[in-house]
Every structure is written in C-alpha cells, then in structure tokens.
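What's counted below: heavy atoms across the whole structure, side chains too, no hydrogens, waters or symmetry copies.
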Amino acid sequence: HLAQDNKIIEKRVKALLLTEDSTVFGGVDPDEVIKCRIGKSYESIILQMSNISSFYRYSHSVIIVGGTLKSDAGIDVWKYNPVVKKSGSVFHRIPNSSNFIESNNILYSGLHEGIFEFDKFNLNNLPNSSIDVFRVARLFLTRNNKILVGNLFGLWSYNDGCITAYDTSNAFLKSRITDIAEYKRKYLCLGTRGKGLLLIENDSTCQITDTHGLVSSNIRRIFIEDNHIWLATNQGISIVTVHSEKPLLY
C-alpha cells in the first residue's frame, strides 16, 4: 500500500507509475505527485497543475505528467518551459485528460478536444493538434502501429489528424469505449460503459457482461497478465481467465 510513516494515504489517487527500481509515483487530485519506495522513502511534490490524469515514462529520469496545466502569472502555458526538477526526477507537464502513446518519435496526448502531437525530441515546441475535434477517453497503439481512439461514441481509427469509424458494420463498436488493450496479439479487448468486455477478432465479437459473472458491465480499465484479463470497475475487480483461444473458452 502507499503509506507515509506506516499510515495509509487517504487521498484520491488517479494515476500510478511503477519504475524499474520499484519506485511508485502516484498522481493525487488535484496537483500533487507522491514519490514512494515502499517502506523506504516518501516524498510529496506539488506541481502547477490540476486534475492529474496520467504518467508516461519518457526516459530514466524524465517523467511526463498529464493533466490540466496552470499558467504562471497569467502567462500562456506554452510560453515557458513546463518542467519541474525535484528529487532526482524531471517532471515534464503536458496537457492531457486520458493517456499518452508514442509512435514514430511522436508523443500523442489525448484531450477533451482532440489529440496533441508532440515532437519526442523537443517537447517544448508547440504541438500539432488534430484537425477533427473530438473527446478522447483512451488512446491505444496496436501491434500493427495503428492508433485507435475510444470515446463516448465508440471506437475510431486516427490518422493524419482525423478520425474515422473503426468498423461501421459492428454495432458493438458504437458503444461507449473506456479502455483498449490487446490479448496475445490476437484479440482486441475493449472496455465499455454498460456493454461489458468486448473481444474482437476479425469479424467475430465476444461480449462478456455481468450476466456471465462480471461484477459489473461498466468497465473502467483493462490489465492483461499472461492469460488473465483484469477488469477494474466501480463495483470491484473481475478477472477473466482464458483457457482456449480457438475456440474462445474462458
């Protein structure tokens, strides 16, 4: 557990990052980053942000923190270098409301009004913004290096600043998508609001809901570990264990 002086932290943690040296970073609502090595050290770092939403490990010492940026003395946030150096780490603050993905040296940040595209090698440059205006709930990079977007209106493909429907023939893909993952490079896994877990392979769709044993059909996050698909919901955690891929048995 995250604790300070053996006392569990009773704060709203909205983002987590675990590094290779077992350091845990927690994004605490609204503007605090907790840096903790369990049983060894604890530090609180206050950033000029609100609503921290995500972390991205940019390099060994640089951590990107996504959220809503606050301007300094009324100056536009892009007019200064949004970097904080503290406690052996460099925190680079970037606007974000969902998550980050990286492809071909471009860092993509999902926002309520579209996607920002940052030059990986010069994050301080003004980003390119998507041509289409849309709300991003989740970004995902497939094994084929395709960018997918999940949001209130379904699943989309993103390319050259524009989004197109991923598959207009599949009614399930018009559901509200909350998270995206891949199971063993075969099934596209989609978390939905109200439709449970969707497993997509080519033209085949498998739907798993609370009627099949999930604690809730409202999926918030997906985590895949070996043949286990962990599902985080407002009602608790379900684990789907896949016993066979063809035919799909779970």
Side-chain angles (χ1 to χ4, degrees), residues 1-9 11-29 31-49 51-67 69 81-110 116-124 138-145 147-148 179-185 189 191 220-232 237 239 241-242:
H1 58 267
L2 285 176
Q4 181 181 17
D5 299 328
N6 293 321
K7 182 180 180 181
I8 294 176
I9 300 168
K11 298 179 179 180
R12 187 182 183 190
V13 178
K14 297 181 65 177
L16 287 171
L17 174 69
L18 176 65
T19 61
E20 63 274 4
D21 63 353
S22 298
T23 299
V24 177
F25 293 87
V28 179
D29 198 32
D31 61 355
E32 179 184 8
V33 172
I34 292 171
K35 183 178 181 180
C36 180
R37 296 196 69 184
I38 307 301
K40 295 182 179 180
S41 63
Y42 175 95
E43 184 175 359
S44 173
I45 302 157
I46 303 300
L47 302 179
Q48 282 286 97
M49 302 187 74
N51 193 30
I52 292 175
S53 61
S54 57
F55 291 112
Y56 186 81
R57 193 73 186 277
Y58 178 77
S59 68
H60 178 73
S61 60
V62 179
I63 296 170
I64 293 174
V65 185
L69 273 65
N81 187 347
V83 171
V84 177
K85 297 181 180 179
K86 192 167 184 180
S87 184
S89 299
V90 177
F91 298 94
H92 203 302
R93 298 169 286 171
I94 287 182
N96 181 271
S97 57
S98 60
N99 64 308
F100 298 98
I101 60 172
E102 181 185 325
S103 176
N104 296 324
N105 297 323
I106 298 175
L107 182 69
Y108 297 86
S109 176
F116 277 175
E117 300 180 13
F118 292 86
D119 180 351
K120 178 185 176 182
F121 300 108
N122 196 343
L123 295 174
N124 295 317
R138 204 68 175 169
L139 288 175
F140 184 75
L141 187 67
T142 72
R143 63 184 182 276
N144 298 321
N145 213 36
I147 297 174
L148 302 183
D179 203 7
I180 308 171
E182 279 184 331
Y183 179 80
K184 294 190 176 180
R185 302 175 62 85
C189 303
R220 294 183 63 88
R221 289 289 176 263
I222 301 172
F223 176 75
I224 296 178
E225 177 193 39
D226 298 325
N227 65 322
H228 304 296
I229 304 174
W230 293 64
L231 305 173
I237 294 173
I239 306 174
T241 300
V242 179

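Between V65 and F55, the closest side-chain pair of non-hydrogen atoms falls below 4.5 Å. In this structure the side chain of Y183 reaches within 4.5 angstrom of the side chain of N227, judged on heavy atoms. Looking only at side-chain heavy atoms (C-beta outward), I34 and E43 stay at 4.5 Å or farther from each other. Using a 4.5 Å cut-off on side-chain heavy atoms (C-beta onward), N51 and K14 make contact. Using a 4.5 Å heavy-atom threshold, the side chains of H92 and N124 count as touching. Contact check for I94 versus F100: side-chain heavy atoms found under the 4.5 Å cut-off. Between Y58 and L123, the closest side-chain pair of non-hydrogen atoms falls below 4.5 Å.
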Do E117 and L107 pass the side chain to side chain contact (heavy atoms under 4.5 Å, CB included) test, and can you show the C-alpha distance, the side-chain angles, and the key distance before you say yes or no?
-> CA-CA 6 Å; E117 300 180 13; L107 182 69; over 6 Å; no
Walk me through it: do N145 and N104 pass the test side chain to side chain contact (heavy atoms under 4.5 Å, CB included)?
-> CA-CA 9 Å; N145 213 36; N104 296 324; 3.5 Å; yes
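At distances below 3.5 Å, at least one donor-acceptor pair connects side-chain atoms of D179 with backbone N or O atoms of I222. Using modelled atom types, one side-chain atom of R37 and one backbone atom of D21 make a donor-acceptor pair closer than 3.5 Å. D226 places no side-chain N or O within 3.5 Å of a backbone atom of H228 that could act as its donor or acceptor partner. In this structure, the side chain of N99 does not engage the main chain of R138 through any donor-acceptor pair within 3.5 Å. The backbone N or O of R185 sits less than 3.5 Å from a side-chain atom of R143, completing a donor-acceptor pair.
Rounded to the nearest 0.5 angstrom, I106 CD1 and F121 CZ are separated by 10.5 Å. With rounding to the nearest 0.5 angstrom, the CD1 atom of I224 is 4.0 Å from the SG atom of C189. Taken from CG in N144 to CD in E182, the straight-line distance is 7.5 Å, to the nearest 0.5 Å. Once rounded to the nearest 0.5 Å, the distance linking CZ of R220 with CG of L231 reads 13.0 Å. From R221, atom CZ reaches atom CD1 of I180 across 10.0 Å, with rounding to the nearest 0.5 Å. Rounding to the nearest 0.5 Å places OG of S54 at 11.5 Å from CG of L16.
The minimum heavy-atom distance between F25 and V33, with the atom names listed, is CD2-CG1, 4.1 Å. For the residue pair S109 and L139, the shortest heavy atom distance occurs at C-CD1, 4.0 Å. Here the closest heavy-atom approach between residue I52 and residue V28 is recorded as CD1-O, 4.4 Å. When every heavy atom of G66 is checked against every heavy atom of N96, the shortest pair comes out as CA-CB, 3.6 Å.
Counting heavy-atom neighbours within 6.0 Å of K11 NZ, excluding the residue itself, gives a total above 12.
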